[in-house]
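Letters A, B, ... are given to chains in the order of the sequence lines, protein chains preceding strands, and every chain is numbered from 1.
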Amino acid sequence: MGGKTILEFYPFDIDYIADKTATIRLFGYTKEGKSVVVLDDSFIPYFYVIINPKKKEKAVEFIKNIEVKTEERTIKPLGIHVFEKKLIGNPVTALRVDVQLPTDISILKEYIKETPGYLDRVEIDVSFYKRYLIDKKFQMLTRLRCNGEIIEDKKYKADYVVLADSIEEAEGEVYENPRILAFDIETYNPIGNPRPSKDPVLMISIATNYGFEKVITWKRFENSKKYVEFVESELDLLKRFSEIIEKENPQIIVGYNSDNFDFPYLHERAKKYKLSFNWGIDRSKLRLSRRGINKVAKIKGVPHIDIYTFIKNILSPTLKTEVYDLNSVASELLGEEKLDGVDWTNIAKFWDVGGENLSKVVDYSMKDSILTIKLMNKLFPLISELTRIVGQSIFDVSRMTYGQCVEWFLAKNAASFNELIPPKPIGSYVSTRINKTYEGAYVHEPKPGIFENIVVYDFRSLYPSIIVSHNICPTTIFCDCCKDGYKTPPIGGKSFSFCKKHKGFVPSLLDDLINRRMRIKEILKKIHKDDVDYTILSARSYAIKTIANAIYGYFGFARSRWYCLECAASITAWGRYYIKNVIEQAKKYGFNVLYADTDSLFISLDNKKLEEAEKFIENINKNLPGVMELEFQGFYTRGIFVAAKKRYALADMNGNLIIKGLEWVRRDWSKIAKDTQMAVLKAILIDGSTEKAVDIIKDTIKRLKDGNISLEEVTIFTQLTRKIENYESIGPHVSAAIKAREKGYTFEPGQMIKYVVVKGEGSISDKSYILEEVKDNKLEYDPEYYINNQVLPAVERIFEVLGVTKDELRGKIQTKLEGFFR
DNA sequence: CCGATT
DNA sequence: AACGGCTAATCGG
């Protein structure tokens, strides 16, 4: 050991330590998988003071002389450098104040206000390690080259500890196949939710992406499975788990809701035995902290990913499932479900009985870890790519919302445009911003009816391409240099102007993202799905799209650093302009415009040929600026539009149905209503038979009436959006929750209420009970409600389009179902 | 029956 | 802790 070295490594995590100075620590691995800690003490904390340029000398002199004495030391600036920067496009004189320790910033910022010519202070709210990643442009999992000295430091369980002289980006190569460990715990829960103060952890399962599988438990049973390991007690279980983590030494740890359940639970149980999990590469303990209402669990140097958080924040808009529990998500993403036969709520009973029952729980637990690692295998390429585009740590990015992803992406790139990072808005700004609204997209009134040969077009990435084409940016709006800038269509009688001379910060970045994505798509077209690069490149393309599409929303987001309501309003104004223009053009060409929404246009060909439509779109595109393009989206043999916006169904040539907005896609409708609607749509659009559709409804009604429908099919999902006390109007789901609460069930805001309307007296709310209560008390669903308030309304809308009124439909059904509606 | 709430 | 547009059931006076 010892001596100068050049070391190439891939960072996985970052933090800093501070004693006399601050030292950045990069935790990572060499290509061969040797663990590395790289220490960089050359990076100096700083912030900016914006001042009146006329007072520059006086200001520098004043700041230079600031001294704050504390018990241990004297805090003062290390150096001051004058910069000409921009703050949201406006030129400013900024003094960069270098300090010794990151915590000095929050102390000095108070004294700095007295500076002559003081205007503002910025970048005080960027934490030190984030600052480092932004300034250095280092990306996680991407190769770095470090010059430095290998030092002996027993504090770290790493193969190499290097004190860096310099670190630079190597050739942008990405770390392949990190060792990932997934785990899941089962706890004793005799009264519903387990109580970490009393109820022990019963077993822990582990599954990795390299084949290691294990379940540890402390109650023996007749066992033939090789992955089961018995220990003597809960304490031994916790110790053994900790031992395995240390031995397997994973590069990433993943759990499902592990931030808010598994890790806090393990932590509290371990505390009881005065046991700690010293898993950090620096031998530090597993650390739990709060972020708003959520907990997060951190292991220094070993990124812990809570894949549930990632799915909920980033993936949810693309998922169909209404709940994000492991079963539903795995079912949709992997086509695989949790093990049958074990109900989460019954684990205590299974445990107490033991034997065969316990064996089932062990299998169940094993499967949970396996599903978690499989989800991770599927989603890790996306997390990895997003991490690199956003430019922050894996730990942070995997927990970010769309707004945060955009924010740190912009922060990373601001300096290249000489832009300072604006401060986070203070609370009072946020509340005024929340109350401000602006006009959104245009939705064309549909022509109700059934149509054939429908062509759908849409603008490729409408909002991103508008931002680029019209240079929409907080840095270019109301510029001083252009008398004749890009003028938006009128917005509430006014028009906003954007600079034509200088390309804005955000449009430049977005232009770059769009071009990068197009290049990737070109490559993807050429390579095979099995190609090693395919997964990475398609994840990259998806990650870029995600960021690009979220930028518009970020402009209108109340907590945004680059908030610009005028920008958001301008984008939608241009959007309305373009889609209306396309509608006009289509009409001029003699097409029958059926519908349009935001960025899409639906026309029916009638007696026209497809070539005429191609000519039309060609002409449209000839006249569109820059990156904007109207694309062919699809051709549909038949489609139905009801007398409402955002609700239609289309059938393609392969017999697939695409349904938008109708009950079928809504979670707040029962499965029976949705399935019936789907079957009716198929009968009408694919088979072309209303007769068949009527038969389907008749059959459903009969089955409902006979009590032959499962509870699952009559359950309705509605989210509890606030505390029960705070509801003014008591809807069915709230009413069900209130009744269940009296029986000891607890409810949190954000929780999904699954309820069933049962037979009995009173209003619909009075008759609504949560699914568990219905099962426990053997209540029966109310067929009248499901027929009249669920199934019939869902299909009546469709028949109305065919010219069949509600009464006529009921008549048709009645003739088939003698004497039912009496 | 109708506006407010969800 | 990303935007607005939109429909529709149900409550509650």
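Side-chain N/O atoms of A:Thr598 include none lying less than 4.0 angstrom from OP1 or OP2 on C:dG4. Within the 4.0 Å cut-off from OP1 or OP2 of C:dG4, not a single side-chain nitrogen or oxygen of A:Arg576 is found. Proximity of A:Ser765 to the phosphate of C:dC11: a side-chain N or O atom is located under 4.0 Å from OP1 or OP2. OP1 or OP2 of C:dA2 lies within a sub-4.0 Å distance of a side-chain N or O belonging to A:Thr401. Contact annotation: A:Tyr563 does not reach the phosphate of C:dC3 (side-chain N/O to OP1 or OP2, under 4.0 Å). When the side-chain nitrogen and oxygen atoms of A:Arg666 are compared with OP1 and OP2 of C:dA9, none of them lie within a distance under 4.0 Å. Residue A:Asn789 places at least one side-chain N or O under 4.0 Å from the OP1 or OP2 atom of C:dT10. The side chain of A:Lys646 contributes no N or O atom lying less than 4.0 Å from OP1 or OP2 of C:dT7.
Minimum atom distance to the side chain of A:Pro317 is reached by C:dA2, of the listed C:dT7, C:dA2, C:dG4. Listed nucleotides: C:dG12, C:dA8, C:dA1. Nearest to the side chain of A:Ser729: C:dG12. Ranking B:dT6, C:dG12, C:dG5 by closeness to the A:Ile730 side chain, first place goes to C:dG12. Here the side chain of A:Glu439 is nearest to one of C:dG5, C:dT7, C:dG4, namely C:dG5. Among C:dA9, C:dG4, C:dC3, the nucleotide with an atom closest to any side-chain atom of A:Phe557 is C:dC3. Residue A:Val443 places its side chain closer to C:dC6 than to any other of C:dA9, C:dT10, C:dC6. The side chain of A:Tyr785 sits closest to C:dT10 out of C:dT7, C:dT10, C:dA1. Distances were taken from every side-chain heavy atom of A:Lys645 (C-beta onward) to each of B:dT6, C:dT7, C:dT10; the shortest belongs to C:dT7. Residue A:Glu728 places its side chain closer to B:dT5 than to any other of B:dT5, C:dT10, C:dA1. When each of C:dC3, C:dT10, C:dA8 is scored by its nearest atom to the side-chain atoms of A:Pro732, the top-ranked nucleotide is C:dT10.
Between the CD1 atom of A:Ile551 and the P atom of C:dC3 there is a distance of 15 Å, given to the nearest Å. Atom P of nucleotide C:dA1 and atom CZ of A:Arg291 are separated by 12 Å, given to the nearest angstrom. A straight line from CG of A:Asp668 to C1' of C:dC6 spans 13 Å, rounded to a whole angstrom. The nearest whole Å value for the distance from the OH atom in A:Tyr755 to the P atom in B:dT6 is 14 Å. If you take CD1 of A:Ile434 and P of C:dA1, they are 13 Å apart, rounded to a whole angstrom. Atom CD in A:Gln790 sits about 7 Å away from atom P in C:dT10, given to the nearest Å. Distance, A:Asp599 CG to C:dC3 P: 19 Å, rounded to whole Å. Look at CG on A:Asn726: it is 21 Å from P on B:dA4, rounded to the nearest Å.
The side-chain tip of A:Arg399 points at the ring of A:Phe395 from less than 6.0 angstrom away and within 45° of straight on. With a 6.0 Å cutoff to the six-membered ring centre and a 45° limit on the axis angle, A:Lys447 does not count as a cation-pi contact of A:Tyr595. Figure legend: A:Lys806 and A:Phe799 shown without cation-pi pairing, the cationic atom not lying both under 6.0 angstrom from the six-membered ring centre and within 45 degrees of its axis.
Remark: A:Phe417 CZ is packed, more than 12 non-hydrogen atoms of other residues, nucleotides or ligands lying under 6.0 Å away.
A:Arg722 comes within 4.0 angstrom of sugar-phosphate atoms only, judged by non-hydrogen atoms across all strands, and of no base. Residue contacts for A:Ala441: at a heavy-atom cut-off of 4.0 Å it reaches the sugar-phosphate backbone alone, with no base atom in range. No engagement by A:Trp562 is indicated, since no non-hydrogen atom pair under 4.0 Å with the nucleic acid exists. Across all strands shown, A:Phe555 has no heavy atoms under 4.0 Å from either base or sugar-phosphate atoms. Nucleic acid contact for A:Tyr463: none, since no nucleic acid atom lies under 4.0 Å from a heavy atom of the residue.
Along DNA chain C, the nucleotide nearest A:Ser763 and the nucleotide nearest A:Asn313 are compared for position; the residue whose nucleotide lies closer to the 5' end is A:Asn313.
Of the residues A:Ile716, A:Val774, A:Ile770, the one that meets the side chain to side chain contact (heavy atoms under 4.5 Å, CB included) test with A:Val756 is A:Val774.
Using a 4.5 Å heavy-atom threshold, the side chains of A:Lys754 and A:Glu772 count as separate.
Not less than 6.0 angstrom separates the ring centroid of A:His470 from the ring centroid of A:Phe498.
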